Amino acid sequence: MPSNVSAAAEQVRAAKSIAVLTGAGVSAESGIPTFRSNGGYWRTHRFEDLATPQAFARDPKFVWEWYEERRRAIAAARPNSGHIALVELERRAPHFTLITQNVDGLHDLAGSKNIIKLHGDIWTLHCVKCGREKLAREVLSDLPPFCECGGMMRPGVVWFGEMLPAGAMERAAEAVRNADVLIVAGTSAQVYPAAGLIPMGRTVIEINPDRTSFSDDVTFSLQGTSAEILPQLLG
Ligand code: OAD
(Lines give C-alpha, C1' and ligand atoms only; values in the text may rest on other atoms or scores of the structure.)
Protein backbone atom coordinates (compact mmCIF):
# COMPACT_ATOMS: atom_id res chain seq x y z
CA MET A 1 0.00 0.00 0.00
CA PRO A 2 1.58 3.37 -0.97
CA SER A 3 2.39 5.48 2.09
CA ASN A 4 -0.10 8.25 1.26
CA VAL A 5 -2.87 5.63 1.20
CA SER A 6 -1.88 4.41 4.67
CA ALA A 7 -1.67 7.99 5.94
CA ALA A 8 -5.17 8.65 4.57
CA ALA A 9 -6.41 5.36 6.09
CA GLU A 10 -5.06 6.53 9.45
CA GLN A 11 -7.13 9.73 9.23
CA VAL A 12 -10.22 7.69 8.32
CA ARG A 13 -9.67 5.37 11.30
CA ALA A 14 -9.32 8.33 13.68
CA ALA A 15 -12.37 10.21 12.33
CA LYS A 16 -15.51 10.39 14.47
CA SER A 17 -17.49 11.84 11.60
CA ILE A 18 -17.06 10.96 7.92
CA ALA A 19 -18.72 12.40 4.83
CA VAL A 20 -18.31 10.87 1.40
CA LEU A 21 -19.10 12.42 -1.98
CA THR A 22 -19.36 9.96 -4.85
CA GLY A 23 -19.73 10.30 -8.60
CA ALA A 24 -20.11 8.09 -11.62
CA GLY A 25 -16.54 6.72 -11.34
CA VAL A 26 -17.59 4.70 -8.26
CA SER A 27 -19.95 2.66 -10.46
CA ALA A 28 -17.53 2.34 -13.40
CA GLU A 29 -16.19 -0.96 -12.10
CA SER A 30 -19.76 -2.25 -11.93
CA GLY A 31 -19.88 -1.75 -15.69
CA ILE A 32 -21.87 1.51 -15.74
CA PRO A 33 -20.43 4.18 -18.04
CA THR A 34 -19.39 7.52 -16.54
CA PHE A 35 -20.33 10.82 -18.19
CA ARG A 36 -17.06 12.52 -19.02
CA SER A 37 -14.21 9.95 -18.95
CA ASN A 38 -13.40 7.48 -21.74
CA GLY A 39 -16.59 5.75 -22.87
CA GLY A 40 -18.65 8.32 -20.91
CA TYR A 41 -22.11 9.30 -22.12
CA TRP A 42 -21.26 12.94 -22.77
CA ARG A 43 -18.42 11.84 -25.09
CA THR A 44 -20.95 10.54 -27.61
CA HIS A 45 -24.25 12.16 -26.65
CA ARG A 46 -25.24 15.80 -26.25
CA PHE A 47 -26.60 16.33 -22.75
CA GLU A 48 -28.81 19.08 -24.20
CA ASP A 49 -30.70 16.35 -26.12
CA LEU A 50 -31.13 13.99 -23.16
CA ALA A 51 -30.79 15.61 -19.78
CA THR A 52 -32.61 18.93 -19.82
CA PRO A 53 -36.27 19.84 -19.23
CA GLN A 54 -36.28 21.36 -22.72
CA ALA A 55 -35.20 18.06 -24.32
CA PHE A 56 -37.98 16.25 -22.45
CA ALA A 57 -40.58 18.82 -23.51
CA ARG A 58 -39.43 18.48 -27.14
CA ASP A 59 -39.28 14.69 -27.37
CA PRO A 60 -40.22 12.78 -24.20
CA LYS A 61 -40.13 9.40 -25.95
CA PHE A 62 -36.55 9.94 -27.14
CA VAL A 63 -35.40 10.99 -23.67
CA TRP A 64 -37.27 8.09 -22.05
CA GLU A 65 -35.73 5.55 -24.45
CA TRP A 66 -32.26 6.63 -23.32
CA TYR A 67 -33.26 6.44 -19.65
CA GLU A 68 -34.88 3.04 -20.10
CA GLU A 69 -31.74 1.73 -21.82
CA ARG A 70 -29.69 2.98 -18.86
CA ARG A 71 -32.18 1.49 -16.38
CA ARG A 72 -31.81 -1.94 -18.02
CA ALA A 73 -27.99 -1.71 -17.98
CA ILE A 74 -28.05 -0.67 -14.32
CA ALA A 75 -30.52 -3.43 -13.42
CA ALA A 76 -27.92 -5.96 -14.56
CA ALA A 77 -25.11 -4.32 -12.55
CA ARG A 78 -23.95 -5.27 -9.06
CA PRO A 79 -22.23 -3.13 -6.41
CA ASN A 80 -18.43 -3.41 -6.52
CA SER A 81 -15.85 -3.51 -3.72
CA GLY A 82 -15.87 0.30 -3.54
CA HIS A 83 -19.59 0.41 -2.74
CA ILE A 84 -19.13 -2.41 -0.24
CA ALA A 85 -16.21 -0.68 1.51
CA LEU A 86 -18.47 2.36 2.07
CA VAL A 87 -21.05 0.15 3.80
CA GLU A 88 -18.35 -1.10 6.17
CA LEU A 89 -17.14 2.45 6.76
CA GLU A 90 -20.68 3.47 7.76
CA ARG A 91 -20.84 0.53 10.16
CA ARG A 92 -17.59 1.58 11.86
CA ALA A 93 -17.88 5.38 11.94
CA PRO A 94 -19.91 7.03 14.72
CA HIS A 95 -21.29 9.58 12.21
CA PHE A 96 -21.41 8.88 8.50
CA THR A 97 -23.12 10.56 5.54
CA LEU A 98 -22.90 9.38 1.97
CA ILE A 99 -23.62 12.13 -0.54
CA THR A 100 -23.97 10.83 -4.06
CA GLN A 101 -24.44 12.33 -7.49
CA ASN A 102 -25.26 8.86 -8.79
CA VAL A 103 -28.81 7.94 -9.68
CA ASP A 104 -28.14 4.21 -10.13
CA GLY A 105 -29.11 3.02 -6.63
CA LEU A 106 -26.00 0.85 -6.26
CA HIS A 107 -25.16 2.40 -2.88
CA ASP A 108 -28.63 1.35 -1.60
CA LEU A 109 -28.22 -2.09 -3.11
CA ALA A 110 -24.83 -2.50 -1.40
CA GLY A 111 -26.44 -1.61 1.95
CA SER A 112 -25.49 2.02 2.63
CA LYS A 113 -28.10 3.69 4.84
CA ASN A 114 -27.55 7.40 5.36
CA ILE A 115 -27.54 8.54 1.73
CA ILE A 116 -28.24 11.99 0.32
CA LYS A 117 -29.05 11.71 -3.39
CA LEU A 118 -28.20 15.05 -4.93
CA HIS A 119 -29.33 14.13 -8.44
CA GLY A 120 -32.33 11.94 -7.69
CA ASP A 121 -32.90 8.28 -8.45
CA ILE A 122 -33.32 6.62 -11.84
CA TRP A 123 -35.77 4.08 -10.35
CA THR A 124 -38.21 6.82 -9.37
CA LEU A 125 -40.87 8.13 -11.74
CA HIS A 126 -42.32 11.57 -11.19
CA CYS A 127 -45.67 12.79 -12.57
CA VAL A 128 -45.33 16.17 -14.25
CA LYS A 129 -49.03 16.88 -13.63
CA CYS A 130 -49.90 15.79 -10.07
CA GLY A 131 -46.35 15.47 -8.68
CA ARG A 132 -46.84 11.84 -7.61
CA GLU A 133 -43.62 9.85 -7.12
CA LYS A 134 -43.52 6.15 -7.79
CA LEU A 135 -40.78 3.54 -7.53
CA ALA A 136 -40.63 1.36 -10.65
CA ARG A 137 -37.86 -1.10 -11.34
CA GLU A 138 -39.78 -3.03 -13.97
CA VAL A 139 -39.23 -2.74 -17.74
CA LEU A 140 -41.23 0.20 -19.04
CA SER A 141 -42.49 -1.02 -22.37
CA ASP A 142 -44.81 1.88 -23.23
CA LEU A 143 -42.80 5.06 -23.36
CA PRO A 144 -43.38 7.63 -22.07
CA PRO A 145 -45.17 6.14 -19.05
CA PHE A 146 -48.32 7.84 -17.73
CA CYS A 147 -49.64 8.40 -14.22
CA GLU A 148 -53.09 7.29 -13.04
CA CYS A 149 -54.09 10.99 -13.14
CA GLY A 150 -53.38 11.03 -16.89
CA GLY A 151 -50.20 13.12 -16.56
CA MET A 152 -46.93 12.11 -18.15
CA MET A 153 -44.27 10.60 -15.90
CA ARG A 154 -40.63 11.72 -16.13
CA PRO A 155 -37.50 10.14 -14.68
CA GLY A 156 -37.04 11.21 -11.06
CA VAL A 157 -33.60 12.64 -11.72
CA VAL A 158 -32.20 16.16 -11.74
CA TRP A 159 -31.55 17.58 -15.18
CA PHE A 160 -29.21 20.39 -16.19
CA GLY A 161 -30.68 23.73 -15.21
CA GLU A 162 -32.93 22.22 -12.52
CA MET A 163 -32.90 22.65 -8.76
CA LEU A 164 -31.61 19.84 -6.56
CA PRO A 165 -34.19 18.04 -4.36
CA ALA A 166 -35.40 20.33 -1.56
CA GLY A 167 -32.98 20.45 1.36
CA ALA A 168 -30.49 17.99 -0.16
CA MET A 169 -27.67 20.47 -0.64
CA GLU A 170 -28.19 22.03 2.78
CA ARG A 171 -28.03 18.63 4.50
CA ALA A 172 -24.97 17.68 2.45
CA ALA A 173 -23.14 20.90 3.29
CA GLU A 174 -23.90 20.43 6.99
CA ALA A 175 -22.58 16.86 6.90
CA VAL A 176 -19.38 17.98 5.15
CA ARG A 177 -18.79 20.87 7.56
CA ASN A 178 -19.26 18.57 10.56
CA ALA A 179 -17.05 15.82 9.18
CA ASP A 180 -13.45 15.25 10.28
CA VAL A 181 -12.79 13.62 6.92
CA LEU A 182 -14.42 14.08 3.51
CA ILE A 183 -13.77 11.32 0.97
CA VAL A 184 -14.41 12.35 -2.65
CA ALA A 185 -14.50 9.34 -4.95
CA GLY A 186 -15.09 8.95 -8.68
CA THR A 187 -16.19 12.44 -9.61
CA SER A 188 -14.73 14.81 -12.17
CA ALA A 189 -15.90 17.59 -9.79
CA GLN A 190 -17.12 19.68 -12.70
CA VAL A 191 -20.80 19.83 -11.83
CA TYR A 192 -22.06 22.37 -9.30
CA PRO A 193 -23.39 22.72 -6.69
CA ALA A 194 -22.07 19.21 -5.80
CA ALA A 195 -18.42 20.12 -6.51
CA GLY A 196 -18.78 23.13 -4.22
CA LEU A 197 -18.85 20.71 -1.26
CA ILE A 198 -15.20 19.75 -1.77
CA PRO A 199 -13.57 22.97 -0.53
CA MET A 200 -15.83 22.83 2.56
CA GLY A 201 -14.09 19.66 3.78
CA ARG A 202 -11.46 19.81 6.54
CA THR A 203 -9.35 16.80 5.63
CA VAL A 204 -10.16 15.82 2.06
CA ILE A 205 -9.22 12.48 0.50
CA GLU A 206 -9.75 12.36 -3.26
CA ILE A 207 -9.83 9.01 -5.08
CA ASN A 208 -9.63 9.13 -8.86
CA PRO A 209 -7.43 7.52 -11.53
CA ASP A 210 -7.20 10.98 -13.12
CA ARG A 211 -6.45 14.39 -11.71
CA THR A 212 -9.22 16.93 -11.21
CA SER A 213 -9.19 20.69 -10.68
CA PHE A 214 -9.23 19.97 -6.91
CA SER A 215 -6.35 17.45 -6.83
CA ASP A 216 -3.69 20.05 -5.96
CA ASP A 217 -5.68 21.42 -3.05
CA VAL A 218 -6.94 18.29 -1.30
CA THR A 219 -5.14 16.75 1.68
CA PHE A 220 -4.64 13.39 -0.05
CA SER A 221 -4.97 12.89 -3.79
CA LEU A 222 -5.00 9.11 -4.19
CA GLN A 223 -4.58 8.08 -7.79
CA GLY A 224 -6.40 4.83 -8.47
CA THR A 225 -9.84 3.35 -8.82
CA SER A 226 -12.45 3.42 -6.08
CA ALA A 227 -12.89 -0.37 -6.08
CA GLU A 228 -9.16 -0.67 -5.41
CA ILE A 229 -8.56 2.23 -2.98
CA LEU A 230 -11.77 2.49 -0.88
CA PRO A 231 -11.23 -0.99 0.66
CA GLN A 232 -7.64 0.04 1.49
CA LEU A 233 -8.93 2.99 3.50
CA LEU A 234 -10.53 0.50 5.89
CA GLY A 235 -6.98 -0.51 6.91
P1 OAD B 1 -18.03 12.24 -14.58
O2 OAD B 1 -18.24 11.31 -15.69
O3 OAD B 1 -18.00 13.70 -14.87
O4 OAD B 1 -16.67 11.90 -13.86
C5 OAD B 1 -16.34 10.59 -13.50
C6 OAD B 1 -15.01 10.63 -12.79
O7 OAD B 1 -14.75 9.31 -12.35
C8 OAD B 1 -13.84 11.06 -13.68
O9 OAD B 1 -13.08 12.05 -13.01
C10 OAD B 1 -13.01 9.77 -13.84
O11 OAD B 1 -11.62 10.02 -13.91
C12 OAD B 1 -13.37 9.02 -12.58
N13 OAD B 1 -13.29 7.56 -12.69
C14 OAD B 1 -13.41 6.78 -13.78
N15 OAD B 1 -13.30 5.47 -13.46
C16 OAD B 1 -13.12 5.44 -12.12
C17 OAD B 1 -12.95 4.40 -11.16
N18 OAD B 1 -12.96 3.12 -11.53
N19 OAD B 1 -12.80 4.74 -9.86
C20 OAD B 1 -12.80 6.04 -9.48
N21 OAD B 1 -12.94 7.06 -10.33
C22 OAD B 1 -13.11 6.77 -11.63
O23 OAD B 1 -19.14 11.89 -13.47
P24 OAD B 1 -19.65 12.77 -12.24
O25 OAD B 1 -18.55 13.57 -11.66
O26 OAD B 1 -20.42 11.87 -11.37
O27 OAD B 1 -25.45 14.77 -13.60
O28 OAD B 1 -20.64 13.74 -12.99
C29 OAD B 1 -21.43 14.59 -12.26
C30 OAD B 1 -22.78 14.74 -12.89
O31 OAD B 1 -22.65 15.07 -14.28
C32 OAD B 1 -23.62 13.46 -12.93
O33 OAD B 1 -24.30 13.25 -11.73
C34 OAD B 1 -24.56 13.73 -14.04
C35 OAD B 1 -23.57 14.25 -15.04
O36 OAD B 1 -24.09 14.99 -16.09
C37 OAD B 1 -26.69 14.84 -14.04
O38 OAD B 1 -27.17 14.02 -14.80
C39 OAD B 1 -27.44 16.02 -13.48
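What you see below is based on every heavy atom in this structure, not just the backbone, and it leaves out hydrogens, waters and symmetry mates. One-based numbering, in listed order, for ligands and for the atoms of each. Residues: numbered from 1 along the sequence shown. If you're wondering where the values come from, they're calculated on a predicted model, not measured in any experiment.
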Relative to the heavy atoms of [X], which atoms of ligand 1 are at a distance of less than 4.0 Å?
| X | result |
| --- | --- |
| T34 | 2 (O) |
| D210 | 11 (O) |
| G23 | 26 (O) |

Decide whether [X] and [Y] meet the rule of one side-chain donor and one side-chain acceptor closer than 3.5 Å.
| X | Y | value |
| --- | --- | --- |
| H119 | Q101 | no |
| T212 | E206 | yes |
| D180 | S17 | no |
| H107 | T22 | yes |
| S30 | S27 | no |

Closest to [atom] among [options] (heavy-atom distance):
| atom | options | answer |
| --- | --- | --- |
| atom 31 (O) of ligand 1 | E206, Q101, R36, H119 | R36 |
| atom 23 (O) of ligand 1 | A185, A194, A24 | A24 |
| atom 3 (O) of ligand 1 | A189, G186, S188, G82 | S188 |

Next on the checklist: Taking the cut-offs as 6.0 angstrom to the six-membered ring centre and 45 degrees off its axis, would you call R72 and Y67 a cation-pi pair?
Outcome noted: no
How does [X] reach ligand 1, by side chain, by backbone, by both or by neither, if only non-hydrogen atoms under 4.0 Å count?
| X | result |
| --- | --- |
| A28 | side chain |
| T187 | both |
| W159 | neither |
| F160 | side chain |

Which residue holds the protein heavy atom closest to [atom], what is that atom called, and what is the gap in Å?
| atom | value |
| --- | --- |
| atom 20 (C) of ligand 1 | S226 N, 3.5 Å |
| atom 34 (C) of ligand 1 | F35 CE1, 3.6 Å |
| atom 16 (C) of ligand 1 | G25 O, 3.5 Å |
| atom 30 (C) of ligand 1 | V191 CG2, 3.7 Å |
| atom 38 (O) of ligand 1 | V158 O, 4.0 Å |

Item to check | Nearest atoms (heavy-atom pairs only) where L230 meets G82 | outcome: CD1-O, 3.6 Å
[X] side chain vs [Y] backbone, donor-acceptor pair below 3.5 Å:
| X | Y | answer |
| --- | --- | --- |
| R132 | C147 | no |
| N80 | A227 | no |
| E162 | W159 | yes |

Checklist entry - Is there any N or O on N102 that sits under 3.5 Å from an N or O of ligand 1? => result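 Min N/O separation from ligand 1 is not below 3.5 Å for N102.
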Item to check | Backbone or side-chain N or O of W42 under 3.5 Å from ligand 1 N or O | outcome: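 The answer is yes, given that W42 and ligand 1 share an N or O pair closer than 3.5 Å.
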Could a heavy atom of [X] be found less than 4.0 Å from some atom of ligand 1?
| X | result |
| --- | --- |
| N208 | yes |
| Y41 | no |
| P209 | yes |
| E29 | yes |

Next on the checklist: Tell me whether V26 shares a hydrophobic cluster with F35, the cluster being built from Ile, Leu, Val, Met, Phe, Trp, Tyr side chains joined at under 4.5 Å.
Outcome noted: no
Next on the checklist: Within a 6.0 Å radius of atom CD on E138, are there more than 12 heavy atoms belonging to other residues, nucleotides or ligands?
Outcome noted: yes
Next on the checklist: Parallel, tilted or perpendicular: which one describes the rings of W66 and H45, with boundaries at 30° and 60°?
Outcome noted: tilted
